[in-house]
Amino acid sequence: MFQAKIYVTLRKSVLDPQGGVVRKSLYAMGYQNVPEVRIGRYMVVDLEVADQDAAAKQVRDMCDKLLVNPVIEDYTFELVEV
Amino acid sequence: MKFGVVVFPGSNCDADCLHAIKVVTGQPVEYIWHKSGSVDGFDCIVLPGGFSYGDYLRCGAVARFSPVMTPVIDFAQRGGLLLGICNGFQILTEAGLLPGALHRNKNLQFLCHDTHLRIENNQTPFTSLATAGQVIRVPIAHGEGNYYADTATIQQLEENKQVLFRYCDPQGEITPAANPNGSVNNIAGICNRQGNVLGMMPHPERCAEDILGNTNGQLIFQSLLQQWQRRCG
C-alpha cells in the first residue's frame with residue numbers, strides 16, 4: 001500500500017489574498033525578510049496499490065479529475081510505501 | 001416552456017429560483033433531484049446558489065460529479081438553455097461548461113449586498129429584453145466569486161462577446177471601486193461560445209418581485225421566456 005502526500009497551491013499567476021494577508025502580518029511582527037507567502041492545501045491519500053508506478057499514475061489521474069483545478073492550482077506529490 | 005431547478009445537497013437558493021421562475025414567467029417549473037439520471041422534457045435548467053456538498057474541496061468540485069450532471073452536460077452540449085447562479089456558476093466552471101474559475105474574494109470577506117451590473121451583450125437568450133449597456137441592480141452573496149481566467153481565455157471571452165454582465169457603478173462605469181471581489185475585467189457573468197449556457201455570481205431570483213423592492217432580476221427570466229416563445233411558438 002502507498003500513501004500519497006499531495007500539495008496543492010494557487011498557480012503563480014493567480015493572486016493569493018490569504019497569502020498576502022499572512023505575509024503582511026508576518027512583516028508587522030518583525031519578519032521583514034519574507035517577500036512572499038503562498039497558502040495551499042495538503043492532502044494525505046492512501047492507496048491500495050501494489051506498485052509505485054501504478055500509484056503515481058492514479059494520483060495524477062485523481063488530481064487532474066477532482067483534487068486540483070488546473071485553471072488556478074498547481075500540485076506536487078510524493079509517495080511513500082506504508 | 002418547462003423549467004427545472006436542480007437540487008444538490010446544500011443548495012439553498014433552489015426554492016427562491018423555483019418561486020421566481022413561477023411568478024415571473026407563469027411557466028411550469030419543477031425541482032430536479034441531484035441523483036436524477038435524466039433531464040428529459042425540460043427546456044431550461046437552473047443550477048441554483050448555495051453550498052453544494054458543503055463547498056468541500058472547492059466550490060462546485062463535488063457537485064460537478066453528481067449523477068444529474070451527466071444528462072445536464074449532455075443537455076447543454078445539445079444547445080439546451082442552462083443557467084448557473086452563484087454556486088451554479090462555480091459548478092459550471094468546474095464541469096468545464098464555462099471557462100475560468102471562481103476563487104476567494106480579493107478582500108477575503110463573504111460579500112452580501114447589491115451590485116450594479118452593466119449588460120454587455122443583449123444578443124443572447126438570457127438578455128434579449130435588455131437595451132445595450134443597460135444597468136441593473138442585483139445582489140451578490142458569495143465568498144468565492146473572484147473570476148479568474150488566463151489572459152488568452154479572457155481575450156477570447158471579450159472578442160466573442162461572452163461577457164454578459166460586468167460590475168459597474170450606478171452610472172454604468174466599469175471602475176475598480178465597483179468591482180466587489182477582484183474579478184478580472186469586473187466580470188460578473190459569462191456565457192459559452194454558443195450562447196446557451198450562462199454563469200453569473202449575482203442572484204436575479206432575489207430581485208424579481210415587487211414585494212422585494214427590486215424587480216431588475218425579472219429581465220433574465222422574461223428574456224428566456226420571450227426567446228423560447230419566439231423559437232417554439
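Every chain is numbered from 1 and lettered A, B, ... according to where its sequence line falls, protein lines coming before strand lines.
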(message) Is it true that, when you exclude A:Y7 itself, more than 12 heavy atoms of the residues, nucleotides or ligands shown sit nearer than 6.0 Å to its OH?
(response) yes
(message) Applying a heavy-atom distance below 4.5 Å, give me the residues of residues 65-94 of chain B that approach chain A, sorted by number.
(response) B:F65, B:E94
(request) Counting only heavy atoms closer than 4.5 Å, note whether B:N105 contacts chain A via side chain, backbone, both or neither. (result) backbone
(message) Once rounded to the nearest 0.5 Å, what's the spacing between atom CG of A:N69 and atom CZ of B:R58?
(response) 5.0 Å
(request) Could you check which of A:D16, A:V21, A:L67 has the highest count of heavy-atom pairs closer than 4.5 Å to chain B? (result) A:L67
(message) Please identify, among A:V8, A:I72, A:L66, the residue contributing the most non-hydrogen atom pairs under 4.5 Å to chain B.
(response) A:L66
(message) Ignoring hydrogens, what is the shortest heavy-atom contact between A:P17 and B:L108? Give both atom names and the distance.
(response) CB-CD2, 3.7 Å
(request) Look up atom CD in A:Q18 and atom NE2 in B:H103, then write down how far apart they are to the nearest 0.5 Å. (result) 11.5 Å
(request) Could you list which of residues 24-57 of chain A have a heavy atom closer than 4.5 Å to any heavy atom of chain B, in residue-number order? (result) A:R41, A:M43
(message) Rounded at 0.5 Å granularity, tell me how far CG in B:N146 sits from CG in A:L15.
(response) 7.0 Å
